[in-house]
Amino acid sequence: MQHRPSGRRLAAALLTLSTVTAVTGTLVAVPAVAAVPTAVRAVASAADAANLPVDAEIVSIGTTGHLTSRKDDDGTTILEWHSYEDGSVTTVGTGITGYDSNSDFLVTGDGNTVSVRDMKDGGAWRASFNIGAEFPSGSAKLVGVVNENLFVSVSTTDDYHELWQLSKVNGVTKKSKLSSRPKNIDYKVVASRGNDFVVLGSVREPYVPTDRIVYWTATSNVNSASVVDWGGSAGTPRWDQSSTGALTADWKGWVHASQDGGLEFSAQRTGTTTVARVPLTGGLTRAVVAGIVGDTVFYGVPGTATAESPSPLYAGEGGTFDSVA
């Protein structure tokens, strides 16, 4: 999932959900009943028990540990890797940004120079990328990371951008252009699972009496390096850079505008036309998606370290959406 929730309880839930999936290899099966299932409450309780520093944000989660970001007394960003095996905490960067790779690849940098290390292999160096040098003719912005692959939006004009994937092959940077339309505007890799990922995009298209912005989505694999904004893409309601999402073997979904003008999370079951929808209204308009376990999506509004009460974690399943706070 491509997001950095600051609420400790929501972040802990995300960590717990990832651990359920990655460590046991199985997902919690939740029966479709109106009451909040016991399995769902177990995940919520485990989330509460997760030992996270008050001021830390979970940046990325892998199978052997997770990356957090916090500020020291001087306001400098401290990145730390938390090992599941022995509980050790190792400082892995200061004054730089950590990116969500959704894996054991540690991806850090300043937005222009980005390095990749393999935390499964003791933090061994894997690759480094100089995004500015790769795209000297236009401004470039990192819009997603999947494992050790970077996704970069590169301007062609003030208004339009291309989408590129950067990978390392035998130590050499491989650049793959993933967009084909000349008037694409924005992109975000909103979710990933293994090498598969979901990307959202927007494009300006001719329309009478004036051009209109159309929003699209595509699911692809980092090894295909194929165009994502044409064949295989599909329309989606309006999204923005705050949108979050989730991808599992059975579901893919993301937050977007709803027909009534609010927000909702909708997810499609793999191989079917079944779509489940969670309205995000009122106090949930800032909600982020923590993850999907079985047929249950967990979501909530990030709280703060100084909040008087924790923000609730919600579960939506079988058409019923209940608080599991």
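Along the sequence shown, residues carry numbers from 1.
The side chain to side chain donor-acceptor pair (under 3.5 Å) analysis of residues 128-143, with sequence neighbours excluded, yields the pairs Ser139-Ser155. Contacts classified as ring-ring contact (aromatic ring centres under 6.0 Å, His included) and involving residues 178-197 (residues at least two apart or in different chains) are given here: Phe151-Phe197. The stretch residues 154-177 participates, sequence neighbours left out, in these ring-ring contact (aromatic ring centres under 6.0 Å, His included) pairs: Phe135-Trp164. Residue pairs meeting the ring-ring contact (aromatic ring centres under 6.0 Å, His included) criterion with at least one partner in residues 91-117, sequence neighbours excluded, are absent.
Cluster partners of Val275: none. The rule joins Ile, Leu, Val, Met, Phe, Trp and Tyr whenever side-chain heavy atoms lie under 4.5 Å apart, and it links nothing here. Think of Val227 as one node in a network of Ile, Leu, Val, Met, Phe, Trp and Tyr side chains linked at under 4.5 Å; its network also takes in Trp230.
Here the side chains of Leu79 and Thr68 are not in contact, with every heavy-atom distance at 4.5 Å or above. Side chains of Arg269 and Asp295 form a contact here, defined as non-hydrogen atoms less than 4.5 Å apart. Two residues are said to be in side-chain contact when any heavy atoms from C-beta on lie closer than 4.5 Å; Phe298 and Ile292 fail this criterion.
With 3.5 Å as the limit, one finds a donor-acceptor pair spanning the side chains of Thr63 and Asp104. No hydrogens or angles considered: nothing links the side chains of Lys252 and Thr270 as a donor-acceptor pair under 3.5 Å. With hydrogens and angles left out, the side-chain atoms of Thr77 and Lys71 include a donor and acceptor closer than 3.5 Å. Side-chain N/O atoms of Ser60 and His66 include no donor and acceptor closer than 3.5 Å.
Here Thr272 contributes atom OG1 and Asp250 contributes atom CG; the two are 9.5 Å apart, rounded to the nearest 0.5 Å. In this structure, CD1 in Ile213 is found 4.0 Å from CD1 in Ile185, a value given to the nearest 0.5 Å.
Glu162 and Lys177 are joined by a salt bridge, as a carboxylate oxygen and a charged side-chain nitrogen come within less than 4.0 angstrom of each other.
Under the rule for a side-chain hydrogen bond (donor to acceptor under 3.5 Å, both in side chains), the partners of Ser88 that lie at least two apart in sequence or sit in another chain are Asp86. Shown here are the side-chain hydrogen bond (donor to acceptor under 3.5 Å, both in side chains) partners of Ser115, two or more places apart in sequence or in another chain: Thr108. Contacts of Asn195 classified as side-chain contact (heavy atoms from CB on, under 4.5 Å), with partners at least two apart in sequence or in another chain: Asn147, Asn221, Val222, Asn223. Contacts of Asn112 classified as side-chain hydrogen bond (donor to acceptor under 3.5 Å, both in side chains), with partners at least two apart in sequence or in another chain: none. Shown here are the side-chain hydrogen bond (donor to acceptor under 3.5 Å, both in side chains) partners of Lys174, two or more places apart in sequence or in another chain: there are none.
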Can you list, pair by pair, the side-chain donor-acceptor contacts under 3.5 Å of residues 253-267, counting residues two or more places apart and other chains?
{"residue": "Trp254", "atom": "NE1", "partner": "Thr236", "partner atom": "OG1", "Å": "2.9"}
{"residue": "His256", "atom": "NE2", "partner": "Ser266", "partner atom": "OG", "Å": "2.6"}
{"residue": "Ser258", "atom": "OG", "partner": "Asp260", "partner atom": "OD1", "Å": "2.4"}
{"residue": "Ser258", "atom": "OG", "partner": "Gly262", "partner atom": "N", "Å": "3.1"}
{"residue": "Ser258", "atom": "OG", "partner": "Gly262", "partner atom": "O", "Å": "3.3"}
{"residue": "Asp260", "atom": "OD1", "partner": "Gly262", "partner atom": "N", "Å": "3.0"}
{"residue": "Glu264", "atom": "OE2", "partner": "Arg277", "partner atom": "NH1", "Å": "2.9"}

